[in-house]
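On a predicted model such as this, the values are computed, not experimentally measured, just so you know. Throughout, protein chains are lettered first and strands after them, A, B, ... in sequence-line order, and every chain is numbered starting at 1.
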2 protein chains.
Amino acid sequence: MSSSRQRGFGTGDQSEGRPAKRVSLQTVGRLSVYRKVLEELYRDGAEFIHSHQLAGLVGVSPAQLRRDLASFGSFGNIARGYNVYQMSRTISRILGTDESQNVALFGVGDLGRALLSYRGFEERGFHIAAAFDVDPEKVGRVYAGRRCYHTDKLEEVLPEFDVHMAILASRPEGLQLLTDRICAAGVQGILNFVPKRVTVPAGCFVEETDITSKLEMLSFLARSDQVHDGEELESAGPGEPVAQDMTG
Amino acid sequence: MSSSRQRGFGTGDQSEGRPAKRVSLQTVGRLSVYRKVLEELYRDGAEFIHSHQLAGLVGVSPAQLRRDLASFGSFGNIARGYNVYQMSRTISRILGTDESQNVALFGVGDLGRALLSYRGFEERGFHIAAAFDVDPEKVGRVYAGRRCYHTDKLEEVLPEFDVHMAILASRPEGLQLLTDRICAAGVQGILNFVPKRVTVPAGCFVEETDITSKLEMLSFLARSDQVHDGEELESAGPGEPVAQDMTG
DNA sequence: TGTCGGCTGTGATTGTATTCACAGTAGCCC
DNA sequence: GGGCTACTGTGAATACAATCACAGCCGACA
Ligand SMILES: NC(=O)c1ccc[n+]([C@@H]2O[C@H](COP(=O)([O-])OP(=O)(O)OC[C@H]3O[C@@H](n4cnc5c(N)ncnc54)[C@H](O)[C@@H]3O)[C@@H](O)[C@H]2O)c1
Ligand SMILES: NC(=O)c1ccc[n+]([C@@H]2O[C@H](COP(=O)([O-])OP(=O)(O)OC[C@H]3O[C@@H](n4cnc5c(N)ncnc54)[C@H](O)[C@@H]3O)[C@@H](O)[C@H]2O)c1
C-alpha cells in the first residue's frame, strides 16, 4: 500500500541483507510535513522552535519528532531548540528538493490537466517539464505552458529534460509496459494515480495513490465507530462474525 | 500522515483505554486492495482462491493475508481456500461499501471537476451526490450531472442527500471552519486534498492526500538509493552528517 | 469408508516503530 | 562566573506489526 521496491512474488525471500541502518518510510513522510509547517513558521518570522511546539503543530509526539530528526544527525540547539530556517533547508536537502527537479506527466486527461495547472508542485521543488499522451488530439498541444508529446517519444524527450520522476495519470491498459519503458529511460520515482498495480526494477520506486481506497478506509472507520458502544464489529469473536459462512 | 481521530495537542494523554482489540488501519488498507483484485478474479470466472495465490497477486505474504482476514472472523474453506465472490462481498460489507453511499465535494476547481468526472468512484460504491463552491460563476451550474450548491447551504443540502462523507478540494483559507461545519452536519469521513491540516471532533476521521509529499518521498528514495554503494546518507554517523550545524 | 495432502487459522516468535525517561548541557539570569 | 532551567539526543522499555510454524481439519480420491 505504499512505496515498494520490486518485490518477489509468492515467497518473498528476505535475504540480500543490507548492512546499514535504514530510515523508515514513515519517518520520511513526516519529514515532509515538518518542512511544510516550518516554512509557514518561517514566513511568520519564527526563528527557533522546540520539539514539543512543532510536534503539537503537526500532530506527532515530541519524542517521535526528535527521533525522526536524530536519524539524520544531530542538529538542534539544546537550550533554544531547532533553528526554523536551517531545519527547513536541511530537510529539503535530505528529501532532495533543495533544487527544483523535473517531472514527466503521462496522460493529459481530466486529472492530468488538473495536475498541470497545480501550483503546489513548483512551490515545493517539482516542475512538470513535459507531458505525454497518445491521443492525436492532445499531442502537439500546449497545456499550461507545457508541450504534450507522444508517448512513443519518451525515450528521446525524458533525457532532454533531465527527468528522473514521473506521474502516471493515463489508463490501466498497457500500464506495465509503459512503466517498464519509463524506468528504462532513467526514471527512478513513479507516482501512480492509475488504479492498477505496477512493478518496477530494483532501484526504482512506485508510490500508489488510490483515492477510492482512502474513501473505503474512511467508510470503514466511520462505520466501525458507530457500533463502538454496541458490540458488533470490534474483532472476530466466534458468535456470528461480520463474515457470513462461506463454506458453501 | 494518515487517518486520525482528534488528537490532543502537545502532551497527548494516552489514557481513555478502549477495551476491545482493534483492527489496524494498514489491515483496512490492504482489505481494499484484496477486494479490487478479487473483483477482477471474479470477472475472470475464478471461484476459489488460496491465500498464497491471492497474496502473490497483491504483493503481500500469505500469512499476512490470512491474518488480515482472520481479524474479522474465520471464513475460508480449509481445503478449497476462499470463495472469491463471497470474500469480495464480505470485504465490501466490512468496509461499508456494499451499498453505494453518497459523498459531497467541496471546491469545483480543476481538481474538483476531475473528481466529478471520475468513474472509479461509482464502480466502487461511492457517489458524489452534491458539489459545493463559493464562486458565483459556479454555483447553480451542473457538472457531470451534479448540481453545484453554495457552500453556505451545506447544512440544508447534506441531510437532503444523506451524505456522511466529504471530499475537500477547495482552498486553504477558512478550511478549518468549513471542516467544522461539515462535521457538525453529520459527516464522519473527510478526504482532504488541500495541503492544510485540519482537526476533527471525536467520531470523525480525516484522510490527508498530499500529493507533493508523495513526490518528496520518492525523491528521497531515489536519491538515497543512488548513494547506497557509497556511504553518504544511510544514517547519522558523527562524521559530517547530512545536517549541517545549526547551533548558530 | 479410510487415508493422505495441503490448506487455514492461530499461538509463538521475531522484527520494527514509538514512547519513556533521563544524562548531559547550552543559555540565561543574577 | 556560577547556578538553575528546561531542552535535546538517546538507551531502555513498551507497543505494535509481520512472519513462522504447526495442529487440526476438509475434501479428494481410491
Ligand atoms: N479524478 C480523476 O479523474 C481520477 C481520480 C483518481 C484516479 N484517476 C485515474 O487517473 C487516470 C487518469 O484519469 P482521467 O480522469 O484523467 O482519465 P481520462 O480518460 O480523462 O484521461 C486519460 C488520458 O490518458 C491518455 N492515455 C492513454 N494511454 C496512454 C499512454 N500509454 N500514454 C500516455 N497517455 C495515455 C488518454 O489519451 C487520456 O488522454 C485514470 O486511470 C483514472 O482511473 C482519475
Ligand atoms: N492537481 C491539482 O489541481 C491539485 C493537486 C493536489 C492538491 N490540490 C489542492 O486541491 C485544492 C483544489 O485544487 P484546484 O486546482 O482545483 O484549485 P482551484 O483554485 O482551481 O479550485 C478551488 C475551488 O475551490 C473553491 N472554493 C474556495 N473556497 C471554498 C469554500 N469555502 N467552499 C467551497 N469551495 C470553495 C474556489 O471557488 C475554486 O473553485 C487546492 O487546495 C489545491 O492545493 C490540487
Side-chain angles (χ1 to χ4, degrees), chain A residues 1-2 4 7-8 10-15 17-18 21-30 47-56 59-83 87 235-238 241 243 245-248, chain B residues 1-2 4 7-8 10-15 17-18 21-30 47-56 58-83 86-87 235-238 241 243 245-248:
Chain A
M1 206 183 60
S2 71
S4 63
R7 198 184 287 228
T11 53
D13 66 311
Q14 224 54 32
S15 49
R18 278 278 174 59
K21 186 175 80 181
R22 197 62 127 290
V23 175
S24 92
L25 264 192
Q26 312 183 63
T27 293
V28 178
R30 285 190 297 266
E47 196 175 354
F48 281 88
I49 192 166
H50 293 301
S51 63
H52 63 94
Q53 298 173 307
L54 182 52
V60 303
S61 75
Q64 180 156 78
L65 172 60
R66 293 201 300 275
R67 183 72 77 185
D68 283 341
L69 296 177
S71 57
F72 293 98
S74 128
F75 31 92
N77 180 304
I78 283 194
R80 289 203 277 167
Y82 300 89
N83 179 312
M87 183 164 152
S235 163
D245 184 37
M246 280 187 167
T247 326
Chain B
M1 202 180 60
S2 70
S4 63
R7 197 184 287 226
T11 54
D13 68 311
Q14 225 56 31
S15 49
R18 278 280 174 59
K21 187 175 78 180
R22 195 64 127 288
V23 175
S24 92
L25 264 193
Q26 311 184 67
T27 293
V28 179
R30 285 190 296 267
E47 198 176 352
F48 281 87
I49 192 165
H50 292 302
S51 62
H52 63 93
Q53 298 173 308
L54 182 52
V58 306
V60 303
S61 76
Q64 180 157 78
L65 173 59
R66 294 201 298 276
R67 184 71 78 183
D68 283 341
L69 297 177
S71 56
F72 293 98
S74 127
F75 31 91
N77 180 305
I78 280 194
R80 288 203 279 168
Y82 300 89
N83 179 312
Q86 294 269 17
M87 182 163 152
S235 164
D245 184 35
M246 279 185 168
T247 325

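Under 3.5 Å, the side chain of A:R80 and the base of C:dG27 form no donor-acceptor pair of N or O atoms.
Comparing B:R66 and A:I78, the nucleotide of DNA chain C nearest to each residue sits closer to the 5' end for B:R66.
A rotation axis mapping the C1' atoms of four pairs onto the next four is fitted at both ends of the helix from C:dT1-D:dA30 to C:dC30-D:dG1 over five pairs, and the angle between these axes is 10° to 10 degrees.
The separation between B:M87 atom CE and C:dC7 atom P is 16 Å, rounded to whole Å. For the pair B:Q53 CD and C:dG6 P, the interatomic distance rounds to 14 Å; values are reported in whole Å. Between the NE2 atom of A:H52 and the C1' atom of D:dT5 there is a distance of 12 Å, given to the nearest Å. Rounded to a whole Å, the CG atom of A:L65 is 10 Å from the P atom of D:dG9. Straight-line distance from the CD1 atom of A:I49 to the C1' atom of D:dC7: 14 Å, rounded to whole Å. Nucleotide C:dG27 holds its C1' atom 11 Å from the CZ atom of A:F48, rounded to whole Å.
Annotation: side chain of A:L69 is in contact with side chain of A:Y82 (closest heavy-atom distance under 4.5 Å). Using a 4.5 Å cut-off on side-chain heavy atoms (C-beta onward), B:F48 and B:Q53 make no contact. In this structure, A:P62 and A:R66 have side chains that are in contact, with non-hydrogen atoms separated by less than 4.5 Å. Counting heavy atoms from C-beta outward, B:M87 and B:L54 have side chains that approach closer than 4.5 Å.
Between the side chain of A:Q64 and the backbone N or O of A:S61, no donor-acceptor pair lies under 3.5 Å.
For D:dG27, the OP1/OP2 oxygens have a side-chain nitrogen or oxygen of B:N77 closer than 4.0 Å. Neither OP1 nor OP2 of C:dG6 sits under 4.0 Å from any side-chain N or O of B:H50.
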(request) In sequence, state the C-alpha distance, the side-chain angles, and the governing distance for B:F72 and B:T27, and then conclude on side-chain contact (heavy atoms from CB on, under 4.5 Å). (result) CA-CA 10 Å; B:F72 293 98; B:T27 293; 4.2 Å; yes
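Nearest nucleotide to the B:A70 side chain, out of D:dC26, C:dT8, C:dT10: C:dT10. If you check C:dG27, D:dG27, C:dT8 against the side chain of A:A79, the one that comes closest is C:dG27.
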Give me, pair by pair, the N or O atoms of the protein and of nucleotides 16-18 of chain C that are less than 3.5 Å apart, along with how far apart they are.
{"unit_1": "C:dT18", "atom_1": "OP1", "unit_2": "A:R30", "atom_2": "NH1", "d": "3.1"}
{"unit_1": "C:dT18", "atom_1": "OP1", "unit_2": "A:Q64", "atom_2": "NE2", "d": "3.4"}
{"unit_1": "C:dT18", "atom_1": "OP2", "unit_2": "A:R30", "atom_2": "NH2", "d": "2.9"}
{"unit_1": "C:dT18", "atom_1": "OP2", "unit_2": "A:Q64", "atom_2": "NE2", "d": "3.2"}
{"unit_1": "C:dT18", "atom_1": "O5'", "unit_2": "A:Q64", "atom_2": "NE2", "d": "2.8"}

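Here the CD1-CZ distance, from B:I49 to B:R80, works out to 14.5 Å after rounding to the nearest 0.5 Å.
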